[in-house]
Amino acid sequence: MKLLITGGAGFIGSNFIRYYLKNHPSDQIINLDKLTYAGNLENLKDVEKNPNYKFIKGDICDFDLVSKLVKEADEIINFAAETHVDRSILDSGDFVRTNIEGTRTLLDAAKSNDNKRFHHISTDEVFGSLEPKDAPFSEKTSYDPRSPYSASKAASDHLVRSYYHTFGLPITISNCSNNYGPFQFPEKLIPFFITNLLEGKKVPLYGDGLNVRDWIHVDDHNRGVDLILQKGKIGETYCLGGASEKTNLEITKFILNEFGKGDEMIEYIKDRAGHDRRYAIDFSKIKKELGWEPQVKFADGLKQTVEWYRDNQDWWKKIKSGEYQDYYKKQYEKR
Ligand code: NAD
Ligand code: TYD
């Protein structure tokens with residue numbers, strides 16, 4: 001089996017490639033990644049010499065390149081995306097281009113190469129925002145995206161499903177909750193706060209800090225994706241969650257505690273525009289049909305993640321300088 005992975009130099013994709021090569025030693029992977037600010041080949045240093053792994057730098061919007069690579073592959077797994085909500089608020093152009101136009105380009109390449117198997121990685125954010133007492137999102141929840149990021153992901157999901165219904169493209173989709181773990185770009189809540197504390201800085205909490213996310217370890221997510229590739233039913237969507245709903249304040253206190261720090265390190269800042277209040281996932285479909293459920297306990301996974309960032313300071317310090325800081329300067333000027 002030969003897999004074309006897109007966006008494999010990012011957080012989840014690089015962890016997927018490492019996981020997949022270990023668990024399927026006779027399969028091959030082509031990793032197509034544009035290496036945007038979020039793509040980093042250092043995430044894959046340990047696999048770059050593996051004969052079953054090949055990296056290609058390129059854009060999923062480039063039909064000729066994508067089509068050539070799709071021809072070589074048996075399956076396509078689309079991780080490539082612009083992924084940070086705050087960036088989508090500053091400028092949604094790349095989100096529309098990569099997440100919508102890029103997905104369409106991949107779908108057309110899959111369609112014109114004998115309808116290749118296509119798995120699309122999506123997010124629970126397409127379902128919108130829950131109130132505290134609402135039932136969690138499931139595969140039956142209507143789409144109601146509220147940020148430019150989630151709107152672009154929702155559009156890509158609709159396109160993927162439309163290629164199944166219209167052209168018989170053999171697709172599956174997974175909608176997963178907030179991931180955490182090693183190699184996550186330090187702009188997202190957990191790595192941002194851990195690395196700030198390692199630098200002796202405060203952590204900026206939006207609004208009242210009581211927005212809720214469901215957190216899943218990246219390895220649990222990737223095990224679910226692998227299972228869907230092996231046993232998922234064509235045309236179906238699967239929701240994946242971590243069974244760990246937490247307020248941002250709870251997460252912050254947990255991390256502060258790992259550093260022996262208290263509330264004095266929290267800086268409450270102006271809320272994010274359009275900030276979704278709560279995400280939660282009912283993953284009973286994939287549990288019942290494919291026997292998947294999350295295995296990493298949140299407290300263990302978060303402790304390990306704090307350790308990983310403590311032990312890999314070179315990795316994130318390079319990222320936190322340069323372009324990344326320019327971006328955050330702009331962000332802070334706006335606040
Ligand atoms: P990331 O931002 O860490 O990585 C995205 C990768 O895509 C980068 O390597 C980047 O270089 C690449 N990329 C961007 N535009 C590209 C283009 N036009 N062509 C080729 N490559 C391109 O993102 P992530 O957190 O690893 O997320 C991966 C996928 O999982 C995304 O589709 C995201 O929507 C989805 N997802 C993420 C989470 C989460 O909590 N991080 C949760 C659910 C779903
Ligand atoms: P984030 O990691 O950006 O993921 P998403 O918005 O896609 O769920 O943010 C997670 C939560 O943490 C979200 O409610 C916003 C909040 N947050 C802060 O309070 N401060 C920050 O600096 C960041 C990056 C996020």
Side-chain angles (χ1 to χ4, degrees), residues 5-16 31-41 43-44 56-62 65-66 77-89 94-95 97-99 101-103 105-106 120-126 129 147 149-150 152-153 156-157 173-181 183-193 196 202-216 218 221-222 225 239-242 246-249 251-252 266-272 274-279 281 328 331-332 335:
I5 307 285
T6 68
F11 162 49
I12 305 176
S14 63
N15 278 289
F16 181 82
N31 174 16
L32 170 66
D33 196 296
K34 189 180 173 183
L35 299 183
T36 66
Y37 79 94
N40 186 349
L41 290 178
N43 299 1
L44 290 160
I56 309 279
K57 183 175 186 301
D59 191 329
I60 60 166
C61 299
D62 176 348
L65 172 64
V66 163
I77 301 135
N78 182 28
F79 289 91
E82 288 294 333
T83 61
H84 192 41
V85 173
D86 290 329
R87 286 181 188 257
S88 81
I89 295 168
D94 283 345
F95 287 75
R97 212 183 65 83
T98 287
N99 299 0
E101 181 61 18
T103 301
T105 305
L106 286 169
H120 184 60
I121 306 290
S122 193
T123 165
D124 61 356
E125 302 192 26
V126 297
S129 179
S147 75
Y149 163 63
S150 55
S152 67
K153 291 295 290 186
S156 70
D157 291 11
I173 300 177
S174 48
N175 293 90
C176 189
S177 59
N178 284 58
N179 284 221
Y180 69 96
F183 298 106
Q184 186 167 31
F185 195 87
E187 65 185 349
K188 305 277 164 57
L189 177 76
I190 288 178
F192 185 38
F193 281 17
N196 266 18
K202 291 191 172 187
V203 295
L205 205 46
Y206 283 135
D208 60 6
L210 298 180
N211 298 67
V212 173
R213 299 292 183 262
D214 169 50
W215 293 94
I216 182 172
V218 65
H221 180 186
N222 283 333
V225 172
C239 283
L240 300 168
K246 306 269 179 244
T247 64
N248 295 335
L249 186 59
I251 301 283
T252 305
I266 302 176
E267 190 190 356
Y268 285 90
I269 59 166
K270 189 167 152 254
D271 209 355
R272 173 189 276 174
H275 197 174
D276 288 340
R277 192 62 174 168
R278 173 177 165 239
Y279 304 142
I281 285 268
Y328 265 91
Q331 274 284 85
Y332 281 112
R335 279 169 181 163

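Just so you know, ligand 1 is whichever comes first in the structure, and atom 1 is the first atom listed for that ligand. All of these numbers come straight from a predicted model, not from anything done at the bench. FYI, side chains are in, hydrogens and waters are out, and symmetry mates aren't considered; it's all heavy atoms of this structure.
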*Glu125-ligand 2 polar pair, N/O distance under 3.5 Å*: yes
_Partner of Asn99 by side chain to side chain donor-acceptor pair (under 3.5 Å), out of Ser152, Ser150, Ser88_ = Ser152
*Taking Ser14 for its side chain and Phe11 for its backbone only, find out whether a donor-acceptor pair lies under 3.5 Å.*
yes
*Name of the residue among Asn211, Ile266, Val212 meeting side chain to side chain contact (heavy atoms under 4.5 Å, CB included) with Leu249*: Ile266
*Check each protein residue for a heavy atom under 4.0 Å from ligand 1 and list those that pass, ordered by chain and number.*
Gly7, Ala9, Gly10, Phe11, Ile12, Asp33, Lys34, Leu35, Thr36, Ala38, Gly39, Gly58, Asp59, Ile60, Phe79, Ala80, Ala81, Thr83, Thr98, Ile121, Ser122, Thr123, Tyr149, Lys153, Cys176, Ser177, Asn178, Asn179
*With no hydrogens and no angle check, is any side-chain donor or acceptor of Lys153 less than 3.5 Å from a backbone partner on Ile121?*
yes
*Using the test side-chain hydrogen bond (donor to acceptor under 3.5 Å, both in side chains), find all partners of Glu125 that sit at least two apart in sequence or belong to another chain.*
Tyr279
*Between Arg277, Arg272, Lys270, which is the residue that forms a salt bridge (Lys or Arg N to Asp or Glu O under 4.0 Å) with Asp208?*
Arg277
*Ligand-residue contact atoms, ligand 2 with Phe192, heavy atoms, under 4.0 Å*: 22 (O)
*Given that the side chain starts at C-beta and the backbone is N, CA, C, O, which of these parts of Val203 lies under 4.0 Å from ligand 2, counting heavy atoms, or is it both or neither?*
neither
*Just checking, is any N or O donor in the side chain of Asn15 or Asn179 under 3.5 Å from an acceptor N or O on the other one?*
no
*asked:* Evaluate Leu189 for polar contact with ligand 2, using N/O atom pairs at a separation under 3.5 Å.
replied: yes
_Going by the closest heavy atom to atom 21 (C) of ligand 2, which one wins out of Ser177, Pro204, Ser150?_
Pro204
*Say whether Tyr279, considering both its backbone and side-chain N or O atoms, lies within less than 3.5 Å of an N or O atom on ligand 2.*
no
*Judging by distance only, is a nitrogen or oxygen of Asp86 under 3.5 angstrom from one on ligand 2?*
no
*Please state whether Tyr149 comes within less than 4.0 angstrom of ligand 2, counting heavy atoms only.*
no
_Assess, by modelled atom type and distance only, whether the side chains of His120 and Thr103 contain a donor and an acceptor separated by less than 3.5 Å._
no
*Who pairs with Phe16 by ring-ring contact (aromatic ring centres under 6.0 Å, His included), at least two apart in sequence or on another chain?*
Tyr20, Phe79
*Under 3.5 Å, is there a donor-acceptor pair between the Asn78 and Thr6 side chains?*
yes
*Which ligand 2 atoms, with their elements, are less than 4.0 angstrom from a heavy-atom of Leu205?*
19 (O)
*Set of ring-ring contact (aromatic ring centres under 6.0 Å, His included) partners for Tyr180, sequence neighbours left out*: His217, Phe298
*Heavy-atom contacts with Val85 under 4.0 Å: which atoms of ligand 2 show up? List them by number with element.*
6 (O), 7 (O)
*Just which atoms of ligand 2 are under 4.0 Å from any heavy atom in His84?*
3 (O)
*By number and element, which atoms of ligand 2 are closer than 4.0 Å to a non-hydrogen atom of Asn178?*
4 (O), 5 (P), 8 (O)
*Is the shortest distance from a Lys or Arg side-chain nitrogen in Lys34 or Asp62 to a carboxylate oxygen in the other one below 4.0 Å?*
no
*Flag Trp215 as yes when one of its N or O atoms lies below 3.5 Å from any N or O atom of ligand 2, and as no otherwise.*
no
*Just by modelled atom types, is the Cys239 backbone N or O under 3.5 Å from a matching donor or acceptor in the Asp124 side chain?*
no
*Select the closest option to atom 6 (O) of ligand 2 among Arg272, Glu187, His275, judged by heavy-atom distance.*
Arg272
